[in-house]
J.: 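I'd like to ask some things about the structure below.
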Amino acid sequence: MSDAVTTRFSGALASVPGGLVLDGGMSNQLEAAGHDLSDELWSARLLAERPEAVVEAHLAYFEAGADVAVTASYQATFEGFARRGIGEGRAAGLMALSVELAREAARRARARGVDRELYVAASAGPYGAMLADGAEYRGRYGLGVDELERFHRPRLEALASAGPDVLALETVPDADEARALLRAVRGLGVPAWLSYTVDGGRTRAGQPLEDAFALAADAEEIVAVGVNCCAPGDVAAAVATAVRVTGKPVVVYPNSGEAWDAAARGWTGGSAFDPGAVTAWREAGARLVGGCCRVGPDAIAAVARASRS
């Protein structure tokens with residue numbers, strides 16, 4: 001990985017006072033705008049059908065205070081698109097488009113007076129996201145590391161070819177899948193962060209988080225490690241563990257605290273996302289902080305204020 005590739009984003013991780021602010025949930029912002037996401041492709045469907053809606057969702061977060069937009073490619077896979085009759089070439093083009101849509105949102109944000117540096121993180125969700133049955137919250141797919149690497153590598157290549165600032169290897173439920181992703185990201189020339197979804201001090205598949213983070217400690221491509229799509233209450237301990245085990249910058253973007261019901265395809269419970277916790281997360285070592293599912297622009301604006309105060 002060349003210095004030219006890593007300087008802009010990695011340099012910001014190290015130098016921006018208070019660290020970088022991530023955006024919030026893409027799906028809830030699209031739903032708030034009236035788009036139906038009750039579909040196996042989830043927000044990735046709009047890459048083909050309503051790309052302007054994706055730009056507007058990113059723009060809302062940039063204007064709220066986010067420095068980093070996470071693309072709408074979480075559920076974008078060759079296999080998922082193929083089930084809709086979308087061929088390999090068109091699928092790769094849609095993955096690349098996800099990066100360009102976030103870039104377009106950044107251009108519009110600057111035209112509207114946002115004068116800070118803005119970044120694009122290309123989202124690569126876990127294998128379980130493609131299954132669209134809640135498996136990303138369980139892991140243990142019955143596949144080996146080699147099989148998972150073969151699944152992830154082509155989509156990572158497609159995303160990397162579009163020139164994002166960083167790859168977001170996110171919502172990873174299983175240390176075995178992390179091993180596959182760490183292999184798959186090698187040699188792409190784009191830095192990446194690795195973010196687990198967790199339950200307490202363990203991955204969703206049940207492995208100790210300390211062991212899961214250790215896999216990335218010596219990975220040159222991984223510029224940050226952390227957690228996302230988890231309960232806000234799980235963040236503080238995870239930050240401490242990630243810093244102690246890896247020494248790398250930490251990325252955290254929890255859900256609102258509501259729970260996902262895979263059978264009903266809906267959220268239950270109340271929000272427990274407290275932007276006031278950001279200061280403690282930052283002090284413990286978090287350098288990228290934002291929100292995941294059900295965390296919207298208002299909450300990200302509060303995170304930005306806490307980060308820059």
Side-chain angles (χ1 to χ4, degrees), residues 1-2 5-6 9-10 40-44 47 70-84 86-100 102 120-132 135-136 138-197 203-205 207 212-226 228-229 251:
M1 198 164 45
S2 72
V5 167
T6 61
F9 188 78
S10 301
E40 289 187 354
L41 286 177
W42 206 29
S43 56
L47 295 173
V70 181
T71 63
S73 52
Y74 173 83
Q75 212 139 334
T77 66
F78 289 105
E79 293 80 358
F81 281 131
R83 290 198 294 262
R84 294 302 181 83
I86 298 174
E88 186 173 315
R90 173 65 170 151
L94 289 172
M95 293 178 202
L97 178 63
S98 73
V99 175
E100 176 53 32
V120 173
S123 170
Y127 177 85
M130 182 269 295
L131 301 177
E136 66 263 49
R138 299 190 301 270
R140 307 284 86 183
Y141 313 120
L143 300 177
V145 173
D146 290 346
E147 293 169 291
L148 289 168
E149 181 184 2
R150 286 194 292 272
F151 167 79
H152 283 295
R153 178 72 185 197
R155 63 197 292 248
L156 290 174
E157 290 175 341
L159 290 168
S161 70
D165 296 294
V166 62
L167 294 165
L169 313 178
E170 59 177 354
T171 323
V172 179
D174 192 322
D176 286 346
E177 185 160 28
R179 289 186 177 91
L181 284 161
L182 291 171
R183 288 186 193 174
V185 80
R186 288 176 189 159
L188 294 180
V190 179
W193 76 60
L194 175 66
S195 181
Y196 289 96
T197 178
T203 68
R204 298 280 185 165
Q207 301 109 339
F213 284 142
L215 298 174
D218 296 323
E220 180 190 37
E221 292 83 1
I222 302 301
V223 295
V225 297
N228 78 290
C229 209
V251 54

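Both backbone and side-chain heavy atoms feed into the values below; hydrogens, waters and symmetry mates do not. Throughout, residue positions are numbered sequentially from 1 according to the sequence presented. Everything quoted here is computed from the prediction, not taken from an experiment.
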J.: Could you check whether any side-chain heavy atom of Pro164 comes within less than 4.5 Å of a side-chain heavy atom of Phe9, counting everything from C-beta outward?
T.: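 Answer no - side chains too far apart.
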J.: What are the two closest heavy atoms between Leu156 and Ala184, and how far apart are they?
T.: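 In this case the closest contact between Leu156 and Ala184 is CD1-CB, 3.7 Å.
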J.: Evaluate the criterion side-chain contact (heavy atoms from CB on, under 4.5 Å) for residue pair Arg90 and Phe81; output intermediate values, then yes/no.
T.: CA-CA 9 Å; Arg90 173 65 170 151; Phe81 281 131; over 6 Å; no
J.: Any Lys/Arg nitrogen of Arg153 or Glu157 sitting under 4.0 Å from an Asp/Glu carboxylate oxygen of the other?
T.: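 Between Glu157 and Arg153 there is a salt bridge, with a charged N closer than 4.0 Å to a carboxylate O.
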J.: Search all heavy atoms of Ala216 against all heavy atoms of Ile222 and return the closest pair with its distance.
T.: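 In this case the closest contact between Ala216 and Ile222 is CB-CG2, 4.2 Å.
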J.: For residues Leu47 and Ala72, report the shortest heavy-atom separation together with the two atoms involved.
T.: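 Answer, listing the atom of Leu47 first, then Ala72: CD1-O, 3.6 Å.
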J.: Considering residues, nucleotides and ligands other than Glu88, do more than 12 of their heavy atoms fall under 6.0 Å from its CD?
T.: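 For Glu88, atom CD is not crowded (no more than 12 foreign heavy atoms under 6.0 Å).
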J.: Among His152, Arg140, Glu136, which residue satisfies the side chain to side chain contact (heavy atoms under 4.5 Å, CB included) criterion with Glu177?
T.: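 The side chain to side chain contact (heavy atoms under 4.5 Å, CB included) with Glu177 is passed solely by His152 among His152, Arg140, Glu136.
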J.: Aromatic rings Tyr127 and Phe151: how do their planes relate, parallel, tilted or perpendicular, breaks at 30° and 60°?
T.: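 Correct class here is perpendicular.
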J.: Could you tell me whether the side chains of Thr171 and Asn228 share a donor-acceptor contact shorter than 3.5 Å?
T.: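 Yes, side-chain donor-acceptor contact under 3.5 Å.
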J.: Between Leu167 and Ala160, what is the shortest heavy-atom contact and its length?
T.: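 Closest approach of Leu167 to Ala160: CD2-N, 4.3 Å.
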J.: Check for a donor-acceptor pair, side chain of Glu221 on one end and backbone N or O of Arg186 on the other, with a separation under 3.5 Å.
T.: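 No, Glu221 side chain to Arg186 backbone: no donor-acceptor pair under 3.5 Å.
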J.: With a 3.5 Å distance limit and no angle check, can you tell me whether Thr77 reaches the backbone of Gly80 through a side-chain donor-acceptor pair?
T.: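 Yes, the answer is positive, given that a donor and an acceptor are paired below the 3.5 Å cut-off.
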J.: Just by modelled atom types, is the Val120 backbone N or O under 3.5 Å from a matching donor or acceptor in the Asp165 side chain?
T.: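 Yes: the side chain of Asp165 pairs with the backbone of Val120.
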J.: Are Tyr196 and Arg204 packed together at the side-chain level, in the sense that at least one heavy-atom pair is separated by less than 4.5 angstrom?
T.: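 When only atoms from C-beta onward are counted, Arg204 and Tyr196 do not touch, as no gap falls below 4.5 Å.
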J.: Do Asp174 and Thr203 come close enough that some side-chain heavy atom pair is under 4.5 Å?
T.: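 Not touching, per the 4.5 Å side-chain cut-off.
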J.: Provide the closest heavy-atom pair for Pro173 versus Pro126 in the form atom of the first, atom of the second, distance.
T.: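 That closest heavy-atom pairing would be CD-CB, 3.8 Å.
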J.: Any idea which heavy atoms bring Thr71 and Ser123 closest together, and the distance?
T.: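 For Thr71 versus Ser123, the nearest heavy atoms are OG1-N, 2.9 Å.
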J.: Give a yes or no answer on whether the side chain of Thr197 reaches the backbone of Cys229 with a donor-acceptor pair at less than 3.5 Å.
T.: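 Yes: the side chain of Thr197 pairs with the backbone of Cys229.
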J.: A side-chain contact here means heavy atoms from C-beta on lying under 4.5 Å apart; do Leu159 and Leu188 qualify?
T.: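 When only atoms from C-beta onward are counted, Leu188 and Leu159 do not touch, as no gap falls below 4.5 Å.
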J.: With rounding to the nearest 0.5 angstrom, report the CG to CG distance, Leu181 to Leu148.
T.: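 Between atom CG of Leu181 and atom CG of Leu148 there are 8.0 Å.
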J.: Can you spot which of Arg183, Arg155, Arg179 makes a salt bridge (Lys or Arg N to Asp or Glu O under 4.0 Å) with Glu149?
T.: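 Only match with Glu149 under salt bridge (Lys or Arg N to Asp or Glu O under 4.0 Å): Arg183.
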